[in-house]
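Here the structure comes first, spelled out in structure tokens, and everything after it is commentary.
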Number of protein chains: 2
Amino acid sequence: MTDSYEQSARIAQALAHPIRLRILEVLRNQGAYVMHLVVALDRPQANISQHLAILREAGLVQDERDGMGVVYRVTDAGIFDVIARMQTLAVTPRAMFSLTSAAPHRQRARRCHCPRCRGE
Amino acid sequence: MTDSYEQSARIAQALAHPIRLRILEVLRNQGAYVMHLVVALDRPQANISQHLAILREAGLVQDERDGMGVVYRVTDAGIFDVIARMQTLAVTPRAMFSLTSAAPHRQRARRCHCPRCRGE
DNA sequence: TCACCTTATTCGACATTCCGAATATATTAT
DNA sequence: ATAATATATTCGGAATGTCGAATAAGGTGA
């Protein structure tokens, strides 16, 4: 029963490489054989297998042998919501806020009651 | 104009550490001084500053000096949607699918037209 | 100015990630 | 059994990430 942030961080770690994001995108609508990913992403086979292993260990994809090949599928399509929202954040220029006429509701800074913060 | 997956991967990388997720959670409702985070998370000050630098460089938080201290705030509350969805994925047991009466719509494997996939 | 408080940065050790090359394993066909 | 195809794993080196200790830098107030 590892803590919830550990688990979430593991998911984030699995998403933290452009090749792995591309793999998931290719798998978005259909399962795919490893060799298809190799060609589609134009990367060495070993490298694709290595990234697939990381996605698999994070539980984001599942593998199923089919004859000589192995088909990979996304475990939970909810992963694409995560990725889409990350893209939105990535695209949003930080300057956006300084351009809005009304400042974006500046939050009050927290003054906690711990010994260090209490003074002042 | 780096590609979109590079940018998303950078966001994921910034989220890929439990301490950084905890920092964001503390900042969820209010800005906070560094020292507050130090006490709230019970980590050395240098370590908190290091993680804050990573979040800042990813554009996920912004800093503003206030007298002796520095207040950190979340840049875009949309980050919490990303984190919440990651937690959902992390919690969902993979066995869930084998327990559902109806199999979860097994996708057909992609048979692409590239030279390697075309045969067979 | 000096002392003090808060935060940032640098440094070095250590761990982890990433990659290509090589090799191993699994399956099918002959 | 042998060959051929598809995939996985291992290994070594470069790059990157993480941490604590020490130090630097910014700001306040005597």
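In what follows, chains carry the letters A, B, and so on, assigned in the order in which the sequence lines appear, proteins first and then strands, with residues in each chain numbered from 1.
- The pair Asp42(B)-Arg22(B) does not meet the salt-bridge criterion, since no charged nitrogen lies less than 4.0 angstrom from a carboxylate oxygen.
- Taking every side-chain heavy atom of Arg43(A) into account, dG20(C) is the closest of dT7(C), dG20(C), dA6(D).
- In this structure the side chain of Asp3(B) reaches within 4.5 angstrom of the side chain of Glu6(B), judged on heavy atoms.
- The existence of a salt bridge linking Asp76(A) and Arg85(B) is excluded, since no basic side-chain nitrogen approaches an acidic carboxylate oxygen closer than 4.0 Å.
- The overall bend of the helix from dT1(C)-dA30(D) to dT30(C)-dA1(D), read as the angle between its terminal helix axes built from five base pairs each, is 10° when rounded to 10 degrees.
- For the pair Tyr33(A) OH and dA26(C) C1', the interatomic distance rounds to 15 Å; values are reported in whole Å.
- To the nearest angstrom, P of dC18(C) lies 11 Å from CG of Leu55(A).
- Look at CD1 on Ile54(B): it is 12 Å from P on dT9(C), rounded to the nearest Å.
- Gln50(B) has its side chain out of reach of Arg43(B): every pair of non-hydrogen atoms, C-beta onward, lies at least 4.5 Å apart.
- Distance His51(A) NE2 to dA8(D) C1': 14 Å, rounded to the nearest Å.
- Under the 4.5 Å side-chain criterion, counting only non-hydrogen atoms from C-beta, Tyr33(B) is not in contact with Val38(B).
- In this structure, Leu41(B) places its CG atom 17 Å from C1' of dG20(D), rounding to the nearest Å.
- Taking 4.5 Å as the limit, every side-chain heavy atom of Leu52(A) sits out of range of all side-chain heavy atoms of Asp63(A).
- In this structure, Tyr5(B) is a member of the same hydrophobic cluster as Met86(B), with clusters built from ILVMFWY side-chain heavy atoms closer than 4.5 Å.
- Using a 4.5 Å cut-off on side-chain heavy atoms (C-beta onward), Leu37(B) and Leu27(B) make contact.
- Atom pair Leu52(A):CG and dC19(C):P shows a separation of 13 Å (rounding to whole Å applied).
- The side-chain tip of Arg28(A) points at the ring of Phe80(A) from less than 6.0 angstrom away and within 45° of straight on.
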Heavy-atom protein contacts under 4.0 Å, nucleotides 21-27 of chain D, coded B base, S sugar-phosphate only, - none:
BB---BB

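- Ile23(A) has its CD1 atom 12 Å from the P atom of dC18(C), to the nearest Å.
- A heavy atom lying under 4.0 Å from DNA chain C marks the following residues of residues 12-20 of chain A, by number: His17(A), Arg20(A).
- None of Leu60(B), Leu55(B), Leu21(B), Val61(B) except one satisfies the side-chain contact (heavy atoms from CB on, under 4.5 Å) rule with Ile79(B); the exception is Leu60(B).
- When each of Asn47(A) and Gly69(B) is assigned the nucleotide of DNA chain C with its nearest heavy atom, Gly69(B) is the one assigned upstream, toward the 5' end.
- Residue Arg73(A) is tested with Gln30(A), Glu64(A), Gln62(A) for a side-chain hydrogen bond (donor to acceptor under 3.5 Å, both in side chains); the sole match is Glu64(A).
- When rounded to the nearest whole Å, the span between OH of Tyr72(B) and P of dT6(C) equals 16 Å.
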